[in-house]
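Data block below; observations after.
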2 protein chains.
Amino acid sequence: MSYAVKAMPRPRSLTAEGIAAAALAVLDRHGTGGLTMRAVAQELGVSTMGLYRYVTDREELEGLVVELVLGAVDPAPPADGTWQERIAALVERVRAAVGAHPAVVPLTMTHRHRSPAILRWSESVAGLLTEAGTDDRQRVVALRGLLAYVIGAIQLEHLGPLAGAGTVAIAGLDPAEFPNLRATAQAARRVPADEEFRGGLALLLAGIGRRGAAT
Amino acid sequence: MSYAVKAMPRPRSLTAEGIAAAALAVLDRHGTGGLTMRAVAQELGVSTMGLYRYVTDREELEGLVVELVLGAVDPAPPADGTWQERIAALVERVRAAVGAHPAVVPLTMTHRHRSPAILRWSESVAGLLTEAGTDDRQRVVALRGLLAYVIGAIQLEHLGPLAGAGTVAIAGLDPAEFPNLRATAQAARRVPADEEFRGGLALLLAGIGRRGAAT
DNA sequence: ACCTGAACACCGTTCAAGT
DNA sequence: ACCTGAACACCGTTCAAGT
């Protein structure tokens, strides 16, 4: 049996999934700025340069975490409900998956496009839009609009203190100069984030349902 | 006249606007990754540390550029048109301003909240939403939805190759596995970015016009 | 008061070397 | 083949010093 031992190549000690999980752990623990090659290597109990045997780039590492997080999104459309409800459910799954790891938000932007999970998710949404009776052009606009909305809403929720402290500051603006904004911000403090997200989504879906919507 | 000369403090050589303009020039020329304290200082003909006399942080520097770009947005609502048309015009001004300097896109996210320009812009949009007959809660949802849409759409347009090369790649997907997505991507190649943006915005405005939109 | 250059503590990544 | 440590070319920022 020694023949095999002699010729046996040193087994790879890491896997793509393990690296992604380690990177996500670092991200969750130390935030976006804490994600460094050194930190991930340490998390894996490997020298910094050891990582480079499995990943060509920091770029590629980021892609792995993003895919790990987005891969948690179930792309299968819900079995029943109106097409509006089914699309809404799909969209909310993305928000939930990303919301569980806010530190990946800045990374999703640059890496989302390569994600097979989001590809399958998009296929489902496109299918439901077809079911809703949209033509090619309407489906293009609607799918892009939904994507833009999720992306923007997620960022609004997690980046920059517009959600928490920001609204409070705005609520204290000069009433003479910002009457409408001030009132809106004050009302905003009573609207939970979930409702806000669902409400905006409902507006978009209502527009899609109206069919056409002039360009 | 020598009394003044003796007591005269050394005049400041830089201004916030000058620094912002230099940073924007660097950004336009060398991209987001090229924006460094050293590069901006060089652009201004000053030592790297000279910058720190006017700016406490790289963070603050970024804020200055973002404000310079967003400050170009005219926050006054257009004189006439339906409220939908007037809101659409305001939203498109943001897209135009940011689109003129794509390299600031990643920065706008983290710094948008402090922008007085966007505050005035938001006041205008909130005012038009009031005019449209929305109540407090509806206005909150609509304003946030519009913000989310602009942010997301701008990023979709400028980040990650989903707009250009990405759609081409998707258009070549396995038709058996991705029938709807593939067809959509193929159609997408015939829809110019401007129309796509306006179309998605129109969906949102149509939803707002329908009033209410179930949560 | 304003500005500078050297230095420090980080990065990502290259390279030569170890098993 | 897989892994390591030293080294390089960058960052942002601190600090002591110059006018």
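Here the structure is a predicted model, which means the values were calculated and not measured. All chains are named by letter (A, B, ...) in the order of the sequence lines, taking the proteins before the strands, and each is independently numbered beginning at 1.
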Taking C:dC3, D:dG12, C:dG12 as options, the one with an atom nearest any side-chain atom of B:Tyr54 is C:dC3
Assess whether a salt bridge exists between A:Arg137 and B:Glu195, defined as any Lys/Arg side-chain N lying under 4.0 Å from an Asp/Glu carboxylate O. yes
Ionic contact status for A:Arg29 with A:Glu43, cut-off 4.0 Å: yes
May I have the distance from A:Arg58 (atom CZ) to C:dC10 (atom P), rounded to whole angstrom? 16 Å
Whole Å only: how far is the OH atom of A:Tyr52 from the C1' atom of C:dC15? 13 Å
What's the closest nucleotide to the side chain of A:Arg53 if the choices are D:dC3, D:dT13, C:dG12? D:dC3
Electrostatic pair A:Arg95:A:Asp194 at N-O distance under 4.0 angstrom: yes
Could you identify the nucleotide paired to C:dA16, looking across every strand shown and requiring Watson-Crick or G-U wobble geometry with both distances under 3.5 Å? D:dT4
For the side chain of A:Thr36, counting heavy atoms from C-beta on, which of D:dT13, C:dG12, C:dC2 is nearest? C:dG12
Watson-Crick or G-U wobble partner of C:dA9, both distances under 3.5 Å: none
Nearest-Å distance for atom pair CD/C1', residues B:Gln42 and D:dC10: 14 Å
Inspect the surroundings of CD in B:Glu60 and state if more than 12 heavy atoms from other residues, nucleotides or ligands are less than 6.0 Å away. yes
Report the distance from atom CE of B:Met49 to atom C1' of D:dG12, rounded to the nearest whole Å. 9 Å
